[in-house]
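Within every chain, numbering begins at 1; the chains are lettered A, B, ... in the order of the sequence lines, protein sequences first and strands thereafter. Values reported hereafter were calculated over all heavy atoms of this structure, with side chains retained and with hydrogens, waters and symmetry mates removed. Since the structure is predicted, the reported quantities are computational estimates derived from the model, not experimental observations.
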Amino acid sequence: MTLKLYNSLTKKKEVFTPLHEGFVSMYVCGPTVYDHPHIGHAKSYVSFDVIVRYLRYLGYKVRYVQNITDVGHLTDNADAGEDKILKRAQRERLEPAELVEIYTRSYFEDMDALNNVRPDISPRATAHIPEQIELVEKLVSEGFAYPSKGSVYFDVQKYKEYGKLSGRKQEELEAGARVEINPEKRNPSDFALWKKAEAGHIMRWRSPWGDGFPGWHLECSAMSMKYLGQTLDIHGGGLENIFPHHECEIAQSEAANKQAFVRYWLHNNMVTVNGQKMGKSLGNFVTLKDAFRKYHPTTIRFFILTTHYRSPLDFSNEALDAADKGLERLHNAVELLRERLNNAKDGETPPHIIEKLAQYKKAFLEAMDEDFNTSGAIAVLFDLSKDVNSLLSDGQEVGRKCLEDIDTFYRQLGGDILGIIPKAFESRQKEESDALGNVMNVVINTRTELRKAKQWQLSDFIRNKLLEIGFVLDDRPDGTTWKKTK
RNA sequence: GGCGGCAUCGCCAAGUGGACUAAGGCCACGGUUUGCAAAACCGUUACCCUGGGUUCGAAUCCCAGUGCCGCCUCCA
């Protein structure tokens with residue numbers, strides 16, 4: 001089995017082979033921390049999280065770096081407008097560093113809720129100013145960049161391959177440029193490596209060109225180089241960053257290092273809301289904190305993974321409700337399995353089940369190997385669950401080993417790789433010592449007596465009333481169980 | 001205007017030349033199970049946007065058309 005992934009640079013699916021055997025260097029563009037994360041962040045980072053998890057499952061030692069942009073990302077485009085962090089800090093009357101701290105925490109909080117593994121390194125742009133200045137100096141001294149009135153620009157003419165990722169030609173860029181001509185630049189498509197800080201611009205650092213701050217594209221080059229070396233195996237990010245951000249990263253890095261910057265470029269597609277693009281200016285941003293009020297983070301994660309990462313994802317209540325029900329079905333099967341496991345008798349796994357599990361595992365891994373087809377992988381979990389439900393409900397005794405084998409399947413593929421099956425479920429509460437549990441037992445026992453006496457009206461009344469206040473009763477052949485509704 | 005993507009069952013969504021008589025989820029309708037439910041299981045529902053072409057063979061490749069979307073401002 002071989003992992004294949006779609007490389008945006010070559011526009012082809014390629015077999016993945018890392019630069020150094022057994023080791024994968026991976027860099028993903030992180031958030032600009034000036035606001036709470038939204039569902040677009042969720043799609044992007046859940047997608048790359050599964051990629052990291054899968055690479056690790058395959059045995060690669062992955063170093064996963066994801067930056068925190070806390071300076072230099074301007075509002076109008078990469079080279080003009082106000083610094084987003086600074087602007088927001090002024091509005092909220094906070095120190096930029098304070099603002100950044102608030103939203104960085106908010107970011108990790110939401111990513112943790114989505115069950116994303118933390119990056120191995122989360123470098124901040126402001127903590128790497130010397131590295132960035134050093135890179136600019138190198139580019140200037142080698143003739144790829146030029147200072148102009150306190151700022152420094154990358155001279156796009158000097159880097160012949162500019163446009164190879166985005167497919168843009170320079171002439172076209174100039175013709176269709178919406179950006180106002182900046183007289184400081186030699187060429188309109190030149191981009192800022194370093195910007196001069198005007199008086200009153202409080203986010204500023206000393207540099208050979210005077211006080212200023214780094215351009216947005218620069219941090220990714222400087223920091224990836226520092227932690228992952230001059231050639232990365234994988235660089236991920238959102239589709240919208242292909243141009244100009246990633247194109248500029250390539251130019252800077254390759255001009256400085258004289259070698260390929262990235263071997264595999266991975267880009268995830270965007271989120272729309274009710275069929276419409278989600279944009280700040282459209283006012284239809286859905287923050288994760290809002291979304292979590294309505295849907296469990298795992299539901300959102302699952303929903304994201306039912307679509308391929310390179311396909312757009314439309315966020316709507318209907319679609320989320322459907323995902324919620326689907327995930328519940330999946331969870332029900334696992335829960336049932338684990339309950340049986342709790343008081344299972346010793347017993348081996350029948351050969352036909354071993355065989356079946358092997359088939360499912362193969363199908364799952366084949367899907368993942370095809371450019372991380374999580375949708376196909378999830379389908380396998382549903383197929384398995386159908387078999388599991390049948391197995392558990394046909395009245396036969398199922399041995400412990402068999403149940404364990406199935407649970408291991410769920411834990412590894414559904415849990416470790418996809419992150420959609422929890423290690424333990426919390427909704428079912430059966431502890432005898434628990435006060436609520438005791439009360440429920442009294443209620444259930446009473447109702448069982450009523451049912452024995454065929455007092456259907458009363459027992460239905462109890463079941464309905466409990467449902468109204470958030471408890472589901474489940475009359476099974478072997479007794480009644482209860483759980484909280486979500 | 002330039003660049004790129006998408007169009008598959010009522011809805012969501014895989015599949016990108018041959019075991020496709022097209023995965024999976026949601027919904028709907030039958031049935032099994034249940035005191036009735038719930039959960040679960042079984043079953044039913046697609047000539048793959050249109051028109052040409054390539055091929056022994058196309059949802060999958062090519063051309064044209066139609067529709068939608070994204071990037072080139074903000075934004076993962």
What nucleic acid atoms does [X] come within less than 4.0 Å of, heavy atoms only: base, sugar-phosphate, or nothing?
X        : value
A:Val271 : base
A:Asn389 : sugar-phosphate
A:Asn241 : sugar-phosphate
A:Ser311 : sugar-phosphate
A:Arg447 : base
A:Leu473 : base

Would you please confirm or rule out a distance under 4.0 Å between OP1 or OP2 of B:rA39 and any side-chain N or O of A:Lys483?
no
How many Å lie between [atom1] on [X] and [atom2] on [N], as a whole number?
X        : N      : atom1 : atom2 : value
A:Glu240 : B:rC72 : CD    : P     : 8 Å
A:Phe303 : B:rC11 : CZ    : C1'   : 12 Å
A:His38  : B:rA76 : NE2   : C1'   : 6 Å
A:Glu335 : B:rA40 : CD    : P     : 12 Å
A:Lys454 : B:rC36 : NZ    : P     : 10 Å
A:Asp474 : B:rU34 : CG    : P     : 15 Å
A:Arg476 : B:rU34 : CZ    : P     : 16 Å
A:Phe461 : B:rC36 : CZ    : C1'   : 17 Å

Base orientation of B:rA13, chi within 90° of 0 counted as syn, else anti, reads anti
For the side chain of A:Thr307, starting at C-beta, report the closest nucleotide among B:rC41, B:rA14, B:rC71.
B:rA14
Could you please name the option among B:rA40, B:rA76, B:rA37 that lies closest to any side-chain atom of A:Asn268?
B:rA76
With a 3.5 Å limit on both atom pairs, tell me what [N] is paired to, counting Watson-Crick and G-U wobble, or say none.
N      : result
B:rU73 : none
B:rG67 : B:rC6
B:rC27 : none
B:rU34 : none
B:rC56 : B:rG18

Will you find, in the side chains of A:Thr307 and A:Lys43, an N or O donor that is under 3.5 Å from an N or O acceptor?
no
Side chains of A:Tyr27 and A:Asn67: donor-acceptor distance under 3.5 Å anywhere?
yes
Quantified in whole Å, what is the [atom1] atom distance between nucleotide [N] and nucleotide [M]?
N      : M      : atom1 : result
B:rU50 : B:rU8  : C1'   : 15 Å
B:rC6  : B:rC12 : C1'   : 15 Å
B:rA40 : B:rC26 : P     : 8 Å
B:rU32 : B:rG70 : C1'   : 48 Å
B:rG4  : B:rC41 : P     : 46 Å
B:rC48 : B:rA22 : P     : 12 Å
B:rC62 : B:rG17 : C1'   : 13 Å
B:rA7  : B:rC49 : P     : 8 Å

B/S/- contact track for nucleotides 15-28 of chain B, protein heavy atom under 4.0 Å
S-------BSSSS-
Under the rule for ring pair (Phe, Tyr, Trp, His ring centres under 6.0 Å), what residues qualify as partners of A:Tyr34, not counting sequence neighbours?
none
For A:Tyr360, ring pair (Phe, Tyr, Trp, His ring centres under 6.0 Å) partners two or more places apart:
none
Option passing side chain to side chain donor-acceptor pair (under 3.5 Å) with A:His217 (candidates A:Glu249, A:His246, A:Gln252, A:His245):
A:His245
Considering all heavy atoms of both residues, which atom of A:Lys13 and which atom of A:Asp371 are nearest to each other, and what is their separation?
CE-CB, 4.0 Å
Contact list for residues 364-383 of chain A, test ring-ring contact (aromatic ring centres under 6.0 Å, His included), sequence neighbours left out:
none
Do the numbers put A:Arg338 on top of the ring of A:Phe425, so that NZ or CZ is under 6.0 Å from the six-membered ring centre and no more than 45° off the axis?
no
Measure from NZ or CZ of A:Arg63 to the centre of the six-membered ring of A:Tyr227 and say whether it is under 6.0 Å with the direction within 45° of the ring axis.
no
Want to settle it: does A:Leu239 or A:Asp460 sit nearer the 5' end of RNA chain B, counting the closest nucleotide to each?
A:Asp460
If you pin A:Ser459 and A:Lys11 to their nearest nucleotides in RNA chain B, which one's is more 5'?
A:Lys11
Decide if the gap between the ring center of A:Phe302 and the ring center of A:His331 is smaller than 6.0 angstrom.
no
Do A:Tyr162 and A:Phe154 have ring centres separated by under 6.0 Å?
no
Check this for me: does the side-chain of A:Arg310 come within 3.5 Å of the base of B:rG5 through a donor and an acceptor?
no
Does A:Asn269 make a side-chain donor-acceptor contact with the base of B:rG70, cut-off 3.5 Å?
no
Within-4.5 Å side-chain heavy-atom neighbours: A:Met223 and A:Val65:
no
Pull out every residue in residues 40-48 of chain A that has a heavy atom closer than 4.0 Å to any atom of RNA chain B, ordered by number, or say none.
A:Gly40, A:His41, A:Ser44, A:Tyr45
Could you tell me which residues satisfy side chain to side chain donor-acceptor pair (under 3.5 Å) with A:Ser375, sequence neighbours excluded, listed by chain and number?
none
